**Q** 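This is the structure I have questions about; it appears just below.
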Amino acid sequence: ESGHHEDAWTKLDAGYLPWVKSVPDYCDWLESFYRSGLYPFGFPADWLRDKVVLEIGSGPYGLLACLPHGQGVAVDPLMPSFVPYMRKYWQSSPLRIAALGEELPVRENAFDVAVAINCLDHTLEPDRILTGIARALKPGGYFFLNNNVKSAFGVMLSRVGEKFGIKRLTEVYHPHA
């Protein structure tokens, strides 16, 4: 899956985002995506400004790279593969950790907010990630979850893709979508 991310960021092969012509364009699009995900629920983008935030499955950039926050930790098992082409775009925060979400290497009751955007559908054991998030959050903490899901038609297309070897239809990167 790391090649998928690298193509999206270095070749700007973002698929459904034809207006993205540069990495700054991609970063701007991500920021608007994250802002629009929080605002309808009453959370302005600067709401994280004084929070300690854990982002699971951050990918090469992630919510913490886009929005102001207090302290941040971004966890992604592919983090080492992002370094060669993303390091120059990263700020000092969040702290980036290479780890599986199923084995979150963070303290108990340490975070005000946890975020998992387009993450659980990429994992083999989403229940272990949810348990780890519950352990990492302070009492009364917030958990933001956004996940890809398939319609009945999408499930049918995946089965067709598997049967005929059409990789684009199989959603190999989203086993739980």
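Note that the structure is predicted; figures quoted are calculated from it, not measured.
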**Q** How many angstroms lie between CD1 in Ile56 and CG in Leu120, if you round to the nearest 0.5 Å?
**A**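 One gets 8.5 Å once the value is rounded to the nearest 0.5 Å.
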**Q** Show, in sequence, the C-alpha distance, side-chain angles and deciding distance for Gln71 and Ser93, and conclude whether the side chain to side chain contact (heavy atoms under 4.5 Å, CB included) test is met.
**A** CA-CA 7 Å; Gln71 296 176 10; Ser93 182; 5.6 Å; no
**Q** Using side chain to side chain contact (heavy atoms under 4.5 Å, CB included) as the criterion, list what pairs up with Pro77, not counting sequence neighbours.
**A**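 Applying side chain to side chain contact (heavy atoms under 4.5 Å, CB included) to Pro77 gives Leu100.
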**Q** Please determine whether residues Leu145 and Leu104 belong to a single hydrophobic cluster, defined as Ile, Leu, Val, Met, Phe, Trp and Tyr linked transitively by side-chain heavy-atom distances below 4.5 Å.
**A**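 Result: yes, single cluster for both.
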**Q** Holding to salt bridge (charged side-chain N to carboxylate O under 4.0 Å, His left out), I want the full list of residues that pass it with Glu31, two or more places apart in sequence or in another chain.
**A**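 Expected list: Arg35.
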**Q** Test Glu55 against Cys119 for side chain to side chain contact (heavy atoms under 4.5 Å, CB included), laying out the working first.
**A** CA-CA 10 Å; Glu55 182 174 12; Cys119 167; over 6 Å; no
**Q** Applying salt bridge (charged side-chain N to carboxylate O under 4.0 Å, His left out), can you list everything that pairs with Arg135, at least two apart in sequence or on another chain?
**A**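 Partners of Arg135 under the salt bridge (charged side-chain N to carboxylate O under 4.0 Å, His left out) test: none.
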**Q** Do Leu54 and Val113 make a side-chain contact, defined as non-hydrogen atoms from C-beta onward lying under 4.5 Å apart?
**A**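 Result no, sub-4.5 Å side-chain heavy-atom pair not found.
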**Q** Got a sec, which residues hit side chain to side chain donor-acceptor pair (under 3.5 Å) with Arg49, two or more places apart in sequence or on another chain?
**A**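 Partners of Arg49 under the side chain to side chain donor-acceptor pair (under 3.5 Å) test: none.
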**Q** In sequence, state the C-alpha distance, the side-chain angles, and the governing distance for Glu102 and Thr123, and then conclude on side chain to side chain contact (heavy atoms under 4.5 Å, CB included).
**A** CA-CA 8 Å; Glu102 291 90 341; Thr123 66; 3.3 Å; yes
**Q** Can you label the angle between the Trp29 ring and the Tyr26 ring as parallel, tilted or perpendicular, going by 30° and 60°?
**A**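 Tilted: the ring planes of Trp29 and Tyr26 meet at 30° to 60°.
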**Q** Are side-chain heavy atoms of Phe111 and Ile133 found at a separation under 4.5 Å?
**A**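 Result no, sub-4.5 Å side-chain heavy-atom pair not found.
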**Q** Holding to side chain to side chain contact (heavy atoms under 4.5 Å, CB included), I want the full list of residues that pass it with Ala110, two or more places apart in sequence or in another chain.
**A**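 Listed in chain order: Arg107.
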**Q** Can you tell me how far CZ of Phe144 sits from CG of Leu38, rounded to the nearest 0.5 angstrom?
**A**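 Rounded to the nearest 0.5 Å, the CG-CZ separation comes out at 5.5 Å.
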**Q** I'd like to know if the side chain of His69 reaches the main chain of Leu48, judged simply by a donor and an acceptor atom lying under 3.5 Å from each other, with no hydrogens or angles considered.
**A**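 Side chain of His69 to backbone of Leu48, a donor-acceptor pair under 3.5 Å: no, none is there.
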**Q** Please list, chain by chain and in numerical order, all residues satisfying side chain to side chain contact (heavy atoms under 4.5 Å, CB included) with Asp28, sequence neighbours excluded.
**A**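 Counting only residues at least two positions away or on another chain, Asp28 forms no side chain to side chain contact (heavy atoms under 4.5 Å, CB included).
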**Q** Could you please spell out the steps behind the side chain to side chain contact (heavy atoms under 4.5 Å, CB included) verdict for Val73 and Val53?
**A** CA-CA 6 Å; Val73 175; Val53 184; over 6 Å; no
**Q** Check for a donor-acceptor pair, side chain of Asp76 on one end and backbone N or O of Gly59 on the other, with a separation under 3.5 Å.
**A**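 Yes, the answer is positive, given that a donor and an acceptor are paired below the 3.5 Å cut-off.
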**Q** For Lys138, give me all partners under salt bridge (charged side-chain N to carboxylate O under 4.0 Å, His left out), at least two apart in sequence or on another chain.
**A**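 Lys138 satisfies salt bridge (charged side-chain N to carboxylate O under 4.0 Å, His left out) with Asp112 once adjacent residues are dropped.
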**Q** So do the side chains of Pro60 and Tyr89 get within less than 4.5 Å of each other, counting heavy atoms only?
**A**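 The answer is no, as the side chains (C-beta and beyond) never meet within the 4.5 Å cut-off.
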**Q** What are the two closest heavy atoms between Pro139 and Asn109, and how far apart are they?
**A**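 Looking at all heavy atoms of both residues, the closest pair is CD-OD1, 4.0 Å.
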**Q** Would you compute the distance between atom CD1 of Ile129 and atom NE2 of His122 and round it to the nearest 0.5 angstrom?
**A**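 Rounded to the nearest 0.5 Å, the CD1-NE2 separation comes to 10.5 Å.
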**Q** Under the side chain to side chain contact (heavy atoms under 4.5 Å, CB included) test, which residues partner Pro80, sequence neighbours left out?
**A**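 Pro80 satisfies side chain to side chain contact (heavy atoms under 4.5 Å, CB included) with Ala98 only.
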**Q** What are the two closest heavy atoms between Asn146 and Phe33, and how far apart are they?
**A**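 That would be ND2-CZ, 4.4 Å.
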**Q** Taking the side chain from Trp90 and the backbone from Ala65, do they hold a donor-acceptor pair closer than 3.5 Å?
**A**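 Flag not set: sc Trp90 to bb Ala65 has no pair under 3.5 Å.
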**Q** Applying ring pair (Phe, Tyr, Trp, His ring centres under 6.0 Å), name anything that partners Tyr142, two or more places apart in sequence or on another chain.
**A**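 Listed in chain order: Phe43, Trp47.
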**Q** What's the separation between atom OH in Tyr34 and atom CG in Leu63, rounded to the nearest 0.5 Å?
**A**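 Going from the OH atom of Tyr34 to the CG atom of Leu63 covers 6.0 Å.
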**Q** How long is the span from the CZ atom in Phe82 to the CZ atom in Arg96, to the nearest 0.5 Å?
**A**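 Here the interatomic distance stands at 9.5 Å.
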**Q** Can you name the side chain to side chain donor-acceptor pair (under 3.5 Å) partners of Thr131, sequence neighbours left out?
**A**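 For Thr131 there are no side chain to side chain donor-acceptor pair (under 3.5 Å) partners, ignoring immediate neighbours.
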**Q** Taking side chain as C-beta onward, heavy atoms only, is Leu64 less than 4.5 Å from Ser58?
**A**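 They are not in side-chain contact.
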**Q** How far does CD of Gln91 sit from SG of Cys66, to the nearest 0.5 angstrom?
**A**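 SG of Cys66 is found 11.0 Å from CD of Gln91.
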**Q** What heavy-atom pair brings Ser36 and Pro40 nearest, and what distance separates the two atoms?
**A**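 Minimum heavy-atom contact is O-CD, 2.8 Å.
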**Q** What closest approach, in Å, do Pro44 and Tyr39 show between heavy atoms, and which atom pair accounts for it?
**A**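 Smallest heavy-atom distance, with atoms named: CA-CD1, 4.2 Å.
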